Amino acid sequence: MADMEALKNAVIKGDQATAKDITTKAVEEGMDPESILNDGLIAGMNVIGAAFKKNEVYVPEVLIAARAMKTAMEILEPKLVEAGVEPIGTVVMGTVQGDLHDIGKNLVAMMLKGAGFNVIDLGTDVSPDKFLQAAKEHKAKVAGLSALLTTTMPMMEKTVSAFKEAGIDAKVMIGGAPVTRDYADKIGAAGFAADAASAVDIAKKLVS
Ligand code: B1M
């Protein structure tokens, strides 16, 4: 029988081949796809997230763990859809207009996916209107905005205002190296996270 502890460890180590093999075996054995997701893949990403938060692992380790999870998810996703497993919620995610930095944004997106969110990645240089239209189209519960430049941070305020004016339910969460909790409070964003692991905790709070 496919070993979920071994799958979890394969994600932690970023071992794509093993993660893929165990997931394939588990699916072939008819194991519940939700258990494979929760007890294997998400369990592994949770360990990496906690270690990243404590500076015990760094960006490269998180990226290779996320890549192992992604490989396994390609096998598991159709089974999850068949089983009707609902994601925790949809997050539309992007780097704000004028800003092309995407390494942190990608990390946050990967961690959110790892935690069971459906993430719509809008890429970089995303205008307030594009965030708004995507949140409406995908019925997102959270819009995640990343900015790395002090000059592009005002786009976060513009996006928050656009959401408020449109009166839609999605909550705006912001982050990025120059962004602070004070700034989030000042512009009326619903959430702020300093790193990718905390972004998962905040997104879970925002959808609960
Ligand atoms: Co740029 N850059 N850059 N750059 N760059 C910085 C940000 C800078 C601090 C460098 C410096 O001067 N010391 C500086 C900004 C100064 C400022 O405004 N305060 C800067 C500058 C000035 C520029 C240009 C203007 C340079 C120029 O052309 N003159 C230019 C701007 C281009 C543009 O965006 N329009 C530019 C360009 C670039 C590159 C293209 C070369 C490249 C980006 C490549 C890419 O992203 N694909 C680049 C890089 C790599 C950097 C540095 C070196 C590294 C950024 C990074 O990826 N960090 C950066 C200096 C630095 O930070 N040391 C710098 C790693 C990443 C994992 O961290 O993105 O902070 P970070 O994400 C973290 C958290 O912030 C948080 O979680 C992540 C993981 O923990 N987080 C969120 C991020 N988003 C979140 C969202 C959330 C929650 C948490 O909720 C939604």
Side-chain angles (χ1 to χ4, degrees), residues 14 45-67 69-70 87-128 130-132 134-135 138 140-164 168-208:
M45 281 306 284
N46 282 345
V47 173
I48 280 289
F52 183 57
K53 218 170 180 176
K54 287 190 258 167
N55 292 324
E56 290 169 2
V57 299
Y58 299 97
V59 173
E61 286 94 331
V62 180
L63 291 176
I64 59 163
R67 206 171 51 196
M69 172 150 184
K70 194 173 166 222
I88 305 180
T90 295
V91 180
V92 289
M93 179 89 208
T95 304
V96 297
Q97 192 165 16
D99 202 323
L100 302 175
H101 296 85
D102 68 356
I103 298 168
K105 184 266 296 170
N106 292 345
L107 259 182
V108 173
M110 284 174 187
M111 296 294 282
L112 287 171
K113 280 185 195 164
F117 284 90
N118 174 34
V119 179
I120 310 291
D121 191 340
L122 304 174
T124 58
D125 193 20
V126 181
S127 68
K130 195 169 172 195
F131 272 116
L132 182 60
H138 298 285
K141 292 191 177 170
V142 177
L145 280 53
S146 181
L148 264 288
L149 299 171
T150 44
T151 49
T152 57
M153 283 168 61
M155 279 302 154
M156 293 181 146
E157 187 167 14
K158 290 205 166 127
T159 308
V160 169
S161 301
F163 274 56
K164 284 192 178 145
I168 66 162
D169 279 345
K171 306 218 168 86
V172 178
M173 170 170 80
I174 65 171
V179 180
T180 61
R181 182 177 301 282
D182 281 351
Y183 182 70
D185 291 343
K186 184 176 151 245
I187 67 169
F192 159 76
D195 57 65
S198 312
V200 171
D201 299 338
I202 300 299
K204 282 184 179 165
K205 276 194 197 135
L206 293 178
V207 299
S208 64

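If you're wondering where the values come from, they're calculated on a predicted model, not measured in any experiment. Residues take their numbers from the sequence shown, with the count starting at 1. Order of listing sets the numbers, starting from 1, for every ligand and every atom in it.
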For [X], atoms of ligand 1 separated by under 4.0 Å from a heavy atom:
X      : answer
Gly98  : 33 (C), 34 (O), 35 (N)
Leu148 : 7 (C), 15 (C), 69 (O), 70 (O)
Gly144 : 91 (C)
Ile174 : 87 (C), 90 (O)
Ala177 : 70 (O), 75 (O)
Ala193 : 88 (C), 89 (C)
Asp102 : 45 (C), 46 (O), 47 (N)
Gly175 : 82 (C), 84 (N), 85 (C), 86 (C), 87 (C), 88 (C), 89 (C), 90 (O)

Tell me, please: is [X] in heavy-atom contact with ligand 1, that is, under 4.0 Å?
X      : answer
Ala147 : no
Phe192 : no
Pro178 : no

Could you check whether [atom] has a protein contact, counting only heavy atoms that fall below 4.0 angstrom?
atom                    : result
atom 72 (O) of ligand 1 : yes
atom 12 (O) of ligand 1 : no
atom 9 (C) of ligand 1  : no
atom 62 (O) of ligand 1 : no
atom 43 (C) of ligand 1 : yes
atom 54 (C) of ligand 1 : no
atom 58 (N) of ligand 1 : no
atom 40 (C) of ligand 1 : no

[atom]: the protein heavy-atom neighbour that sits closest, reported with distance to 0.1 Å:
atom                    : value
atom 65 (C) of ligand 1 : Ile103 CG2, 4.4 Å
atom 24 (C) of ligand 1 : Leu149 CD2, 4.5 Å
atom 74 (C) of ligand 1 : Ala194 O, 3.5 Å
atom 32 (C) of ligand 1 : His101 CE1, 4.3 Å

Query raised in the report: Between Asp201 and Lys53, is the closest basic N to carboxylate O distance under 4.0 Å?
Result: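 Asp201 and Lys53: salt-bridged.
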Between [X] and ligand 1, find which residue part has any heavy-atom pair under 4.0 Å and reply side chain, backbone, both or neither.
X      : value
Val179 : neither
Leu145 : backbone
Leu107 : side chain

Where do [X] and [Y] come nearest, in terms of heavy atoms and distance?
X      : Y      : value
Ala177 : Leu148 : CB-CD1, 3.7 Å
Met93  : Ala109 : CG-CB, 4.3 Å
Ile202 : Ala193 : CG1-CB, 4.1 Å
Gly188 : Lys164 : O-NZ, 3.3 Å

Taking [X] for its side chain and [Y] for its backbone only, find out whether a donor-acceptor pair lies under 3.5 Å.
X      : Y      : value
Asp125 : Gly98  : yes
Asp102 : Lys105 : no
Tyr183 : Ile174 : no

N or O contact, [X] vs ligand 1, cut-off under 3.5 Å:
X      : result
Asp195 : no
Thr151 : no
Leu100 : yes

Report task. Return the option from Ser146, Gly104, Gly176, Ala196 holding the heavy atom at the smallest distance from atom 81 (N) of ligand 1. Result ->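 Going through Ser146, Gly104, Gly176, Ala196 one by one, Gly176 has the nearest heavy atom to atom 81 (N) of ligand 1.
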Query - Option nearest atom 17 (C) of ligand 1 (shortest heavy-atom distance, choices Leu63, Asp125, Thr150) - result: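 Selected option, by shortest heavy-atom distance: Thr150.
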Would you check if [X] and [Y] make a side-chain contact, meaning some heavy-atom pair closer than 4.5 Å?
X      : Y      : answer
Asp99  : Thr151 : no
Phe117 : Lys204 : yes
Met110 : Val62  : no
Asn55  : Tyr58  : yes

At what distance, to the nearest 0.5 angstrom, does [atom1] of [X] lie from [atom2] of [Y]?
X      : Y      : atom1 : atom2 : result
Met156 : Ser146 : CE    : OG    : 6.0 Å
Leu145 : Ile187 : CG    : CD1   : 8.0 Å
Ile88  : Lys141 : CD1   : NZ    : 9.5 Å

